[in-house]
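Quantities reported herein were computed from a predicted structural model and do not represent experimental measurements. Excluded from the calculations below are hydrogen atoms, water molecules and symmetry mates; all remaining heavy atoms, backbone and side chain alike, are included.
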Amino acid sequence: TLKNKWLFLAAFAAVLGNFNFGFSLVYPSPVIPALEESTIPGLRLTSLEESWFGSVFALGAAAGGLGTMYMNDRLGRKLSIMFSAVPSVVGYALMAGAQQIWMLLLGRLLTGFAGGVTSASIPVYISEISHPGVRGALGACPQIMAVLGALLLYALGLILPWRWLAVAGEVPVLIMIVLLCFMPNSPRFLISKGNDDEALKALIWLRGKDTDYPWEYKQIKDSVRKQSRRISCAEIRDPFIYKPILIAVLMRFLQQLSGVTPILVYLEPIFKSTAVILKPQYDAAIVGAVRLASVLIAAVSMDKAGRKILLFVSGYAMGWGPITWLLMSEILPLKARGVASGLCVLVSWLTAFALTDIFLLVKEAYGLEIPFFFFAVICAGNLLFTGCCVPETKGRSLEQIESYFRTGRRSFLN
């Protein structure tokens with residue numbers, strides 16, 4: 001499996017959606033300063049409009065997460081990712097040709113919707129096609145690509161006008177849609193839909209013919225059979241169902257409360273209001289480079305050091321950034337995975353919307369000290385949550401993780 005290049009190609013094709021997500025998320029950072037000097041009257045932003053331009057992406061992402069609760073289990077993970085290309089392309093086109101503020105806001109809303117769909121679909125797709133030995137590294141890829149997308153946006157912001165930034169955002173979306181046409185669906189999803197032969201072909205393609213794919217196929221099939229029925233309201237009271245969902249939702253909620261989204265979206269305006277020597281656009285690019293280096297270290301180390309230790313000892317880019325995405329896809333029960341991943345994204349981006357919408361207003365009224373003190377308190381609380389509630393999933397198959405929540409026996413994770 002570790003030598004099978006097709007698994008990594010499938011993962012790369014999918015995480016191009018996260019690259020686009022990172023690119024579009026931080027789009028306002030170089031654009032807001034440019035629009036403050038715009039010669040087009042219809043594009044000059046007030047303080048309130050700047051807040052909406054930054055935050056409406058998160059509102060679209062929440063709607064995308066809500067839609068994915070349906071699409072993930074009906075269309076499948078792969079088709080959901082491919083569908084995200086439609087609102088993304090339209091959104092970028094609106095922003096590239098914008099003559100009025102409503103065009104910018106609608107473009108942000110549509111690219112946000114696409115981001116919400118990919119946020120809920122890609123981690124699940126990656127976890128379901130990956131072998132346990134590389135699932136940690138591949139599970140970090142969505143965050144790596146999102147950080148790389150943001151870094152490219154900051155870098156291009158140094159040399160390109162803001163309209164051409166939107167045009168550049170179309171490129172990874174088009175590459176993604178072409179590559180995914182040749183990638184298989186998740187074997188677990190195919191088995192859940194009764195397409196056993198197609199699922200076996202997909203697993204052989206992902207693992208290679210010289211591996212023990214019959215054993216893994218049997219394990220996946222047995223797991224899917226146990227959870228073949230759709231989740232009912234009564235089953236939600238089962239600890240096997242509600243505990244992993246609650247942990248995943250709280251992780252995404254606390255991740256956003258740490259303040260990462262408003263900081264990334266308003267990075268240049270934040271640096272502009274400080275006494276940092278370099279120009280804000282260079283500061284933003286440096287932050288992007290540091291984030292990329294950190295998440296690369298996390299990708300290499302999480303399958304060796306473990307998930308929990310990185311949540312304890314590292315910052316956002318090495319811990320709460322990539323690992324919350326990975327754990328969400330690992331611990332959610334199969335029968336609720338599509339719906340629950342959409343719920344996680346919905347909660348995450350509603351929280352991000354609220355924080356991003358009020359951040360600039362709070363900064364203008366009270367300075368940067370108040371919001372950053374709040375973020376620090378939340379990060380301290382996250383340590384307690386990690387120690388008490390988050391299980392270690394390093395090196396365990398999805399079936400072993402499900403058995404742990406079903407029985408409560410830690411022997412499945414030891």
Side-chain angles (χ1 to χ4, degrees), residues 18-40 43-47 49-58 91-92 94-98 101 104-105 107-108 111-112 115 143-172 259-296 315-317 321 352 355-357 359-364 367-368 371-372 375:
N18 293 104
F19 183 94
N20 173 56
F21 168 82
F23 190 96
S24 57
L25 171 65
V26 301
Y27 182 73
S29 181
V31 174
I32 288 177
L35 290 178
E36 289 175 346
E37 302 173 1
S38 175
T39 57
I40 302 176
L43 292 179
R44 290 186 191 139
L45 301 178
T46 64
S47 296
E49 288 167 341
E50 286 180 359
S51 293
W52 273 97
F53 183 56
S55 64
V56 75
F57 178 95
Y92 279 128
L94 278 169
M95 290 189 289
I101 291 173
L104 290 172
L105 296 180
R108 287 284 289 164
T111 53
Q143 184 69 11
I144 291 173
M145 293 298 280
V147 171
L148 189 59
L151 175 59
L152 181 65
L153 186 282
Y154 294 139
L156 290 178
L158 298 173
I159 57 175
L160 289 182
W162 64 270
R163 292 186 188 276
W164 281 100
L165 290 176
V167 175
E170 306 271 13
V171 177
V260 62
T261 299
I263 290 172
L264 293 177
V265 169
Y266 301 126
L267 202 51
E268 287 193 28
I270 288 172
F271 278 119
K272 193 175 181 180
S273 63
T274 66
V276 177
I277 298 175
L278 291 176
K279 292 182 178 180
Q281 54 267 42
Y282 292 105
D283 295 321
I286 292 171
V287 170
V290 172
R291 288 182 67 219
L292 179 60
S294 298
V295 77
L296 286 172
Y316 176 86
L355 287 175
T356 310
D357 193 45
F359 180 84
L360 287 181
L361 302 178
V362 172
K363 181 179 81 73
E364 290 181 5
L368 289 172
F372 275 85
F375 298 150

- request: Write down the atom of S24, the atom of F57, and the distance for their closest heavy-atom approach.
  value: OG-CE1, 3.3 Å
Separation between CG of L292 and CE of M145, rounded to the nearest 0.5 Å: 10.0 Å
- request: Provide the closest heavy-atom pair for G169 versus P172 in the form atom of the first, atom of the second, distance.
  value: O-CD, 3.4 Å
- request: Count the heavy atoms belonging to other residues, nucleotides or ligands that lie under 6.0 Å from OH of Y282, then report whether that count exceeds 12.
  value: no
message: Tell me the closest heavy-atom pair linking D357 and S55, and the distance in Å.
response: OD1-OG, 3.2 Å
- prompt: So, do V171 and F23 sit near enough that their side-chain heavy atoms are less than 4.5 Å apart?
  reply: no
task: Take Y92 and N20 through the test side-chain contact (heavy atoms from CB on, under 4.5 Å) and record every step on the way to the result.
output: CA-CA 11 Å; Y92 279 128; N20 173 56; 2.8 Å; yes
- line: On a heavy-atom basis, the closest approach of E268 and A284 is CG-CB, 3.9 Å
- line: To the nearest 0.5 Å, atom CG of L296 lies from atom CZ of R291 at 11.5 Å
- prompt: Does some side-chain heavy atom of D283 sit less than 4.5 Å from a side-chain heavy atom of T274?
  reply: no
query: Do E50 and P269 come close enough that some side-chain heavy atom pair is under 4.5 Å?
result: no
- prompt: Parallel, tilted or perpendicular: which describes the rings of F359 and Y266, with under 30° parallel and over 60° perpendicular?
  reply: parallel
task: Working to the nearest 0.5 Å, report the span between CD1 of I101 and CD1 of I40.
output: 11.0 Å
- request: Under the side-chain contact (heavy atoms from CB on, under 4.5 Å) rule, what do I286 and L278 come out as? Steps first, then yes or no, please.
  value: CA-CA 10 Å; I286 292 171; L278 291 176; 3.6 Å; yes
query: Does a side-chain heavy-atom distance below 4.5 Å link L267 with V26?
result: no
query: What distance separates E49 CD from I32 CD1, expressed to the nearest 0.5 Å?
result: 11.0 Å
- prompt: Do you know which two heavy atoms are closest between T261 and L25, and how far apart they sit?
  reply: CG2-CD1, 4.0 Å
Spacing of L361 atom CG and K363 atom NZ [to the nearest 0.5 Å]: 10.0 Å
Min side-chain heavy-atom separation L43-W162 under 4.5 Å: yes
query: Is there a donor-acceptor pair closer than 3.5 Å between any side-chain N or O of R108 and the backbone N or O of M95?
result: no
message: Checking Y27 against T111 for the side-chain contact (heavy atoms from CB on, under 4.5 Å) test, could you report, in this order, the C-alpha distance in whole Å, the side-chain angles of both residues, the deciding distance, and whether it holds?
response: CA-CA 10 Å; Y27 182 73; T111 53; over 6 Å; no
- prompt: What pair of heavy atoms forms the shortest contact from I270 to P262, and how long is it?
  reply: CD1-O, 4.4 Å
message: Could you go through V167 and L160, starting from their C-alpha distance and side-chain angles, then the distance that decides it, and tell me whether this counts as side-chain contact (heavy atoms from CB on, under 4.5 Å)?
response: CA-CA 10 Å; V167 175; L160 289 182; over 6 Å; no
message: With heavy-atom distances below 4.5 Å as the criterion, would you say the side chains of I263 and F375 are in contact?
response: yes
OG on S273 to CD on E364, rounded to 0.5 Å: 10.0 Å
- prompt: So do the side chains of L360 and S47 get within less than 4.5 Å of each other, counting heavy atoms only?
  reply: no
